[in-house]
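Beneath this line is the structure, given in C-alpha cells, with notes to follow.
Residue numbers start from 1 in every chain, and the chains themselves are labelled A, B, ... in the order their sequence lines are given, proteins ahead of strands.
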Amino acid sequence: MYEAIVIGVSAGGLAALTAIIPELPGNYQLSVLIVQHQVADASDFLSEYLNEKSSITVQEAIPGEKVLPGNVYIGPPNYHLLVEKNRRISLSVDSKVNYSIPSIDVLFESAADAYQKKLVGVILTGANSDGSQGLKKIKKAGGLTIVQDPVTAEMPEMPKAAINATTVDHILTLRKITQFLKSLSHE
Amino acid sequence: MEDNEIEDIEIDCLLEAISRCHGYEFRGYARASLKRRILNRMTQQGLTRISEMIPNILYDNESFDHFLTDMSISVTEMFRDPIVFKSIREAIIPKLKSYPRINVWHAGCATGEEPYSMAILLAEEGIISKARIYATDFNNKSLAKAEKGVYPIDGIQKFTRNYIKAGGKKSFADYYSAKYNSAKMKESLKNVITFANHNLMGDKVFAETHLVLCRNVLIYFKQSLQNQVLALIRDSLVNRGFLVLGDKETLQFSIVENDFEVFDKKMRIYRKKRNV
C-alpha cells in the first residue's frame, strides 16, 4: 500500500540510521529517501558507510535518477533533495531552508506531492525544527507520520517540534520504528 | 479533487501565461523545485493561491521581472567548489594557451561571482589579454548586479578562503577595493567580461567558445530541456573545447554523451571530440 518512506534526521543521525537501515531486507518493496543534515564539505561517507552495513542498496541521490523500490537514496551535502511526480530525483542549490541544505521540509513537501497517501514520513533525532512543516504536509496529503519518541532520542528538539506541528500517527522508539518499517513491506 | 491536483492546474496555467506573454518556457523545468519557488513568490506577494499570480504576470512587467529573479536565483560565490577552479587552472588553461583568442562562456552566470573568479584566474595565468568572457543569464536584475561587480563585504572571507584553495597566486585583496560594507571588483577584471542577456530556453549560439561553465543550471531542467541546452553548448564549443558542469551533473544519458569525452570525471569536466 505504501510506496516510499522519507526520513529526516539531524544531530545523532549516524547512530539512528545505523539502527534502522541495515535491518531492512534486500528485497524490501518500498523506496527510502533520506535527508541527514551534514556539514557543507562532507563527502559521500554516509551512503558508503550505510551501504556497506546493509543488504538493501544505499546510494547518494543523483539528479534525474528513477527512484526504485528496495533502494535507499541519501541527499548529498550542499544540495536540497526533492522527488518529482514521475518518481525521479531532483536536486537544487536554492537558499537554505530552516538554516539547512539539504532541508528535511524540502524533501518531505515534494514527496508529499509526489506520493500523496502512499508515503510514510519519519522524523528522528535532531536539535532543530526542520521537517515539522514537511511532516504536516505529509499528514494533510493522507500519508502516514512517524516520529521518534523524544524521550529516547539523542536530541529531542526535532521530534518535539514535529509532534507539536501536526497529528503524528506513531511515536515510537528506534527499535519499534525499525520493526514497523520492516512490516510495511509484507502487506 | 485534491488540493495538490488543483495546484498543478494553477501552475500549468501560470506557465502557459508566462510562455505566451513573455516567451520564457518554464515548462521545461523540473517541477518540484519550481513549485517551491512559485509558492515562495506567492507568499511574498501576500497571495494565497497560485492562480492569483497570473494577472500580475500578464499585466505588470515589473512584477514579472521580480518573478524571473525569484525563479533564477541560485546560491553562488567566488571560486565556488575551489577544487574545480584548481583543475581548470592546472589542467585546462595549459591546453588553451596555444589559441590566439580564448572565449569563455558562463551559461547562467547569476550575479557574476563565477565570471569574476574566471577573470582572476586568467589574469594570473597570463592569458587575460587574449581572453573574452561571456557571462549570460536570462535575468536582467541578476545581470545588472553582475555588471556592477559590487558584493557585500561579509562574503569576502569565504571568497578569500576559496581563492586560496583554488590555487590563487596573489592576495585576493588585490582584486577588489573595499568601501563601506561592500567590495567592488577591479575594472581590469570587468573589462574582459561581456555581460549579456541570453535565454538558454530558446536563444541561439552567439559565439565560438573554448571553455563553457554551466554549473548547477541543468539540475533544474527536465531531460528534454537539458538536451536542448547541451546541444547549444556543444555547437558553441570549438573542437576539443571544454565543458564544466556542476558537481552532481553529468552528460551520461544525454543526447551529447557521444560528442564529448570525459576529461576529469570527478571535476565534471568534459572535452568535445574532434569531428563532431
Okay, Arg215(B) and chain A: the region with an atom under 4.5 Å from a heavy atom over there is neither

Region of Lys35(B) in contact with chain A, defined by heavy-atom distances below 4.5 Å | side chain

Take atom NZ in Lys141(B); do more than 12 heavy atoms of anything else shown fall under 6.0 Å from it?
-> yes

Decide if atom CD of Gln44(B) counts as having more than 12 heavy atoms of other residues, nucleotides or ligands within a radius under 6.0 Å.
-> yes

Proximal to chain B - members of residues 116-153 of chain A, heavy-atom separation under 4.5 Å = Gln116(A), Lys117(A), Lys137(A), Lys140(A)

Please check if atom NZ in Lys248(B) has more than 12 non-hydrogen atoms from other residues, nucleotides or ligands closer than 6.0 Å.
-> yes

Shortest non-hydrogen contact between Leu91(A) and Ile219(B), atoms and distance | O-CD1, 3.5 Å

Given that the side chain runs from C-beta out, which part of Val83(A) has a heavy atom under 4.5 Å from chain B: side chain, backbone, both or neither?
-> backbone

CG/Asn4(B) to CD/Glu109(A) distance, rounded to the nearest 0.5 angstrom?
-> 12.0 Å

CG on Asp8(B) to CG on Asp113(A), rounded to 0.5 Å | 7.0 Å

Is chain A contacted by the side chain of Asp247(B), its backbone, both, or neither, given a heavy-atom distance below 4.5 Å?
-> both

Who wins among Lys96(A), His80(A), Lys85(A) for the most heavy-atom pairs under 4.5 Å with chain B?
-> Lys85(A)

Can you say whether Glu2(B) sits under 4.5 Å from chain A via the side chain, the backbone, both, or neither, judging by heavy atoms?
-> side chain

Can you find a pair of side-chain heavy atoms, one from Arg80(B) and one from Val93(A), that are under 4.5 Å apart?
-> yes

So, the part of Leu82(A) with a heavy atom under 4.5 Å from chain B: the answer is side chain

Take atom CD of Glu52(A) as the centre, draw a 6.0 Å sphere, and report whether it contains more than 12 heavy atoms from other residues, nucleotides or ligands.
-> no

Exceeds 12 heavy-atom contacts within 6.0 angstrom, atom CG of Asn164(A) = yes

Do other residues, nucleotides or ligands put more than 12 heavy atoms under 6.0 Å from the NZ atom of Lys265(B)?
-> no

Okay, Arg36(B) and chain A: the region with an atom under 4.5 Å from a heavy atom over there is side chain

Hey, is the main chain of Ser90(A) close enough, under 3.5 Å, to the side chain of Tyr220(B) for a donor-acceptor pair?
-> no

